[in-house]
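See below for the structure under consideration.
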Amino acid sequence: MIETFTELAALRERVRGWKREGLRVAFVPTMGNLHDGHFSLVQLAREHAQRVVASVFVNPTQFGPNEDFAQYPRTPEADARGLQAAGCDAMWLPSVETMYPYGVEATVRVQVPHVTESLEGARRPGHFDGVATVVSRLFNQVQPDVAVFGRKDYQQLAVVRYMVRDLAFPMEIIGADIVREASGLAMSSRNQYLSASERDQAAEIRRCLVAMAEAVGAGQSREAVESAAGERLQAAGFAPDYAVVRRPDLTVPDEGEVGPKVALIAARLGRTRLIDNLEFGT
Ligand code: PAF
């Protein structure tokens, strides 16, 4: 079975041992309830290191008061089996007390400016503070040489890169491609909140992203593209939070600007909030 660590000292000892042997260590942070999207992160991690550690921790500080922290699915046994099959060497399974020894309210918080202000950051106040706070701790706990994050959480990846550069964490950050179901729906632990018919409907998000990229490529204005996407999502039964075109650093592109861009959507379908994105123009 995969080695599972719940004590920080034991995890550190294992990682130190690997490093003494000259092995490169990769890290995949997760909140568990793992699916093929997560396993693809582990596989990518394996390509960049000889040992892979994955963490499973549902982080209370990144959920808002009305979000799904209590309901978030927790499946550690299945996660351990899946990680083992994906080629992971160790699972880090800290308790809330290990992660936040002074308690969640009294914890040292990491706040990343600028890149957190728009989109998810604007809709989910405090979310990225919680992500930066836990990811910085996880990095200090695991001390990897490289860490892998999915590009589905596009803004999260930008936040992590900003933090790593600014706080000089001695590690490389790798963004992994989005893994999709056959319908085009991006894999997410939250997809299991969807009913069967909502799951079919949810594939519209990807189609809408493709249409946005094509419309920008055909010379339509950003504002026209964004408002058409919002209307399309509403007509398909979604309550969109945003459907926007941005530069890779998430700033607003000038009209007619050439170069790489990303279309990003966040929309609710019933009680489920879905996010997805598509990079284009590269
Ligand atoms: O993307 C996630 O699953 C989480 O935000 C992360 C990076 C594991 C931090 O809790």
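Because only heavy atoms are used, hydrogens play no part in the values below, and waters and symmetry mates are left out as well, while side chains stay in. Bear in mind that the values here come from a model prediction, so they are computed numbers and not experimental data. Note that ligands are numbered from 1 as they come in the structure, with each ligand's atoms numbered from 1 the same way. Each residue takes its place number in the sequence, starting with 1.
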Which class fits the ring pair Tyr100 and Phe57: parallel under 30°, tilted 30 to 60°, perpendicular over 60°?
tilted
Classify the ring geometry between Phe149 and Phe139 as parallel (under 30°), tilted (30 to 60°) or perpendicular (over 60°).
perpendicular
Got a sec, which pairs hit salt bridge (charged side-chain N to carboxylate O under 4.0 Å, His left out) with one end in residues 79-105, sequence neighbours left out?
Arg46-Asp89
List every atom of ligand 1 that sits less than 4.0 Å from any heavy atom of Pro29, numbering the atoms from 1 in the order shown and giving each element.
8 (C)
Distance-only N or O hit between ligand 1 and Gln62, under 3.5 Å
yes
Atoms in ligand 1 flagged as close to Thr30, the criterion being non-hydrogen separation under 4.0 Å:
8 (C)
If you measure every N or O of Gln156 against every N or O of ligand 1, does any of those distances drop under 3.5 Å?
yes
Near Val134, which atoms of ligand 1 are under 4.0 Å from a heavy atom of that residue?
9 (C), 10 (O)
For atom 3 (O) of ligand 1, state which one of Met31, Met99, His127, His38 supplies the nearest heavy atom.
Met31
Ignoring hydrogens and angles, state whether a donor on the side chain of Arg109 or Thr61 is under 3.5 Å from an acceptor on the partner side chain.
no
Does any donor atom in the side chain of Asp68 or Gln71 lie under 3.5 Å from an acceptor atom in the other side chain?
no
